[in-house]
Amino acid sequence: MLSIELVRNNPDAVREALERRGEHAPLDTIVSLDAERRSLLTELEGLRAERNRVSREMGRMSERPAEMVEEMRRTGDRIRGLEERVKETEAGLETELMALPNLPLPGVPDGADETANTVVSTWGTPRTYEFTPLPHWDLGEHLGIIDLSRGAKLSGSRFFTLSGAGARLQRALTAWMIDLHVQEHGYREVYVPYLVRRDTMYGSGNLPKFADNLYHDEEDDLWLIPTAEVPLTGFHRDEILEPGTLPLYYVSHTPSFRREKAAAGKDTRGIKRVHQFDKVELYKLVEPDSSGQELEKLLEDAKDVCRRLDIPYRVVRLCAGDMGFPSAESYDLEMWAPGCEEWLEVSSCSNCTDFQARRANIRFRPQAGARPQLVHTLNGSGLALPRVLIAIMETYQQSDGSISVPDVLRPYMGLDTITP
RNA sequence: GGAGGGGUGGCCGAGUGGACGAUGGCGCCUGUCUUGAAAACAGGUUUACCGAAAGGUGACGUGGGUUCGAAUCCCACCCCCUCCGCCA
């Protein structure tokens, strides 16, 4: 959520920033709702002050004059009427504000969609093969480690099962990535619920706008998380972090559930885009001054995973129009998959500035006794599993159809080669 | 799911219709004393909103209601604890 003070005081700057994202926001409505709210509040609070004063006076009297009681009853009615109007105005204002995405930071390039994104760096050289590298769906089938049709049998299209060395590879990767982030990058591992309340989804920015992309249990009003970012944003909701607590680095491994309504028909082969996938998520709560630098570090931590796996990757800087709703600045990390011959997005690292912190009410106290301020939050995958699985399988495939296990994973896998 | 108990400031805990944002204790901060520290003593110590300021308003789990006036009474919901049932 954007700060109402910012919208009130700099509507033109906000409008301009939102335009860069292709958002044509009803800022005039917001500004006038805000003005209305404040004028109603002034009136309401005046009446309440009057009522408090008279009530106190009456408490001291032995006899309460009937006309005084009568007048206060009328004041009470006016107060109730005003409270009703304030509530309506605030609800309207909140609805409008909740619908606005975060503002892109000044350095974020212009552009309407992904065609305006820029590749900022590339690492590694794609290998050359003496044979035509197969896509993972073929490799997975030959090796008997990915079974798409059984996934479909159980749950429908875009679900998959892994078995044998495939399941083991995913588990090895997960454990290795978590260990790397905990032991070398300073993150604290957390285990979180995969079903969350409505409020938690509002905090991260997934509700109310993106309900279509979420699975929802009607009976208990619980929502399946589309990323660990959701529960991690809720982790410190309504807290004031004491001086010396920040920065906080968390890593969490969870499944992610996505309805992929908007992507109907896209990427239907293999396990690139599925309704349920596992992910190791990196999450940070930091002081506002450091969030730019922390984003660079977060991105480094994600890149480190690619480098240690020895898989070529590139870093893409997202333009203003292609960023996620809560993000102010984002980089995507893409791994090269030689079988399907494409760059696979395995991580998206974002600085959400105070956008989620304001929604989730996460603050910190800079020094003892100082006023609480909103933290900045950042998130990024480190990394998304099925796509890394794809990249590993396709990159490390051998002419006989087997897959050589990357060195770093061998201790976790207990074998060097995946064969049928 | 059933029965019972409970949710008050950073923590503990008092308060059952009127001067209570809330006694007291602990913790923390500042000062006095001390070579320094501890102890003792004194003062301070929630948060949001409206307002240029003075000041005002709200918040005692949440939302409604009763009342001139609600932490306190009523209703609904949420959460926690204990026991029973079920269960990995």
Side-chain angles (χ1 to χ4, degrees), chain A residues 1-9 30-98 191-203 207 216-223 231 234-246 248 254-255 285 354-375:
Chain A
M1 192 157 66
L2 300 181
S3 133
I4 184 63
E5 288 82 14
L6 181 69
V7 178
R8 181 195 303 155
N9 298 328
I30 291 173
V31 169
S32 74
L33 278 171
D34 172 54
E36 188 185 343
R37 169 180 167 271
R38 286 184 297 150
S39 100
L40 288 171
L41 264 186
T42 305
E43 195 183 345
L44 171 63
E45 288 177 1
L47 284 176
R48 287 212 272 230
E50 164 80 0
R51 180 176 69 181
N52 287 347
R53 191 180 57 75
V54 176
S55 290
R56 251 193 306 267
E57 218 172 283
M58 259 193 254
R60 279 193 297 264
M61 293 175 173
S62 44
E63 304 264 312
R64 316 198 202 306
E67 66 273 19
M68 207 176 210
V69 171
E70 186 48 41
E71 195 189 332
M72 277 305 103
R73 189 171 296 160
R74 280 196 300 273
T75 303
D77 291 340
R78 289 177 64 199
I79 288 174
R80 268 183 288 279
L82 276 168
E83 281 172 342
E84 194 57 40
R85 289 179 62 199
V86 167
K87 209 187 300 173
E88 280 166 22
T89 309
E90 281 182 342
L93 186 58
E94 185 174 279
T95 302
E96 296 295 342
L97 276 177
M98 280 286 192
Y191 171 81
V192 293
Y194 306 157
L195 285 160
V196 298
R197 298 156 164 292
R198 182 176 287 269
D199 305 348
T200 307
M201 282 292 179
Y202 269 86
L207 281 178
H216 176 217
D217 164 49
E218 292 274 345
E219 204 172 354
D220 295 315
D221 195 26
L222 285 171
W223 301 71
F235 202 75
H236 290 289
R237 179 148 59 97
D238 294 323
E239 291 182 22
I240 298 171
L241 303 165
E242 289 310 313
T245 313
L246 296 178
L248 288 168
T254 72
L285 296 100
D354 61 9
F355 186 83
Q356 293 177 323
R358 185 171 292 104
R359 288 181 167 235
N361 191 30
I362 311 168
R363 293 170 293 166
F364 74 104
R365 208 184 292 282
Q367 295 97 34
R371 232 179 106 79
Q373 286 182 44
L374 294 169
V375 303

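Every chain is numbered from 1, with letters handed out A, B, ... down the list of sequences. Note: hydrogens, waters and symmetry copies are ignored here, and every other heavy atom, side chains too, is used.
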Same-atom distance (P) from U72(B) to G1(B), integer angstrom | 28 Å

Walking RNA chain B from its 5' end, the first of T42(A) and R51(A) to be reached, judged by nearest nucleotide, is T42(A)

Send over the distance from D77(A) CG to U67(B) C1', rounded to a whole Å.
-> 12 Å

Who are the salt bridge (Lys or Arg N to Asp or Glu O under 4.0 Å) partners of E88(A), not counting sequence neighbours?
-> none

Under 3.5 Å, side chain of D354(A) to main-chain N/O of A357(A), donor-acceptor pair present?
-> no

Do side-chain atoms of N9(A) reach the backbone of E5(A) as a donor and acceptor pair under 3.5 angstrom?
-> yes

Closest to side chain of R60(A), choosing from G69(B), G56(B), A19(B) | A19(B)

Has the side chain of R64(A) got a donor or acceptor atom sitting under 3.5 Å from an opposite partner on the base of G18(B)?
-> yes

Got a sec: does the CZ of R64(A) have more than 12 other heavy atoms crowding it under 6.0 Å?
-> yes

Taking only nitrogen or oxygen atoms into account, show me every contact under 3.5 Å that the protein makes with nucleotides 47-49 of chain B, one pair per line with its distance.
residue: U47(B); atom: OP1; partner: R365(A); partner atom: NH1; Å: 2.7
residue: U47(B); atom: OP1; partner: R365(A); partner atom: NH2; Å: 3.4
residue: U47(B); atom: O3'; partner: R363(A); partner atom: NH1; Å: 3.0
residue: A48(B); atom: OP1; partner: R363(A); partner atom: NH1; Å: 2.7
residue: C49(B); atom: O2'; partner: R37(A); partner atom: NH2; Å: 3.4

In dot-bracket notation, what is the pairing pattern of RNA chain B, taking Watson-Crick (N1-N3 plus N6-O4 or O6-N4) and G-U wobble (N1-O2 and O6-N3) contacts under 3.5 Å, with [ ] crossing and | for other strands?
-> ((((((((.[[[..)..(.....]]]((((((.......))))))(((((....))))).[[[[[..)....]]]]])))))))....

Could you verify whether a donor N or O on one side chain and an acceptor N or O on the other, from R363(A) and N361(A), lie under 3.5 Å apart?
-> yes

Atom pairs, N/O to N/O, protein against nucleotides 74-77 of chain B, distance under 3.5 Å?
none

Using a cut-off of under 3.5 Å, enumerate the N/O to N/O pairs linking the protein to nucleotides 60-66 of chain B.
residue: G64(B); atom: OP1; partner: K87(A); partner atom: NZ; Å: 2.7

Pick out the pairs of N or O atoms, protein on one side and nucleotides 86-88 of chain B on the other, that lie under 3.5 Å.
none

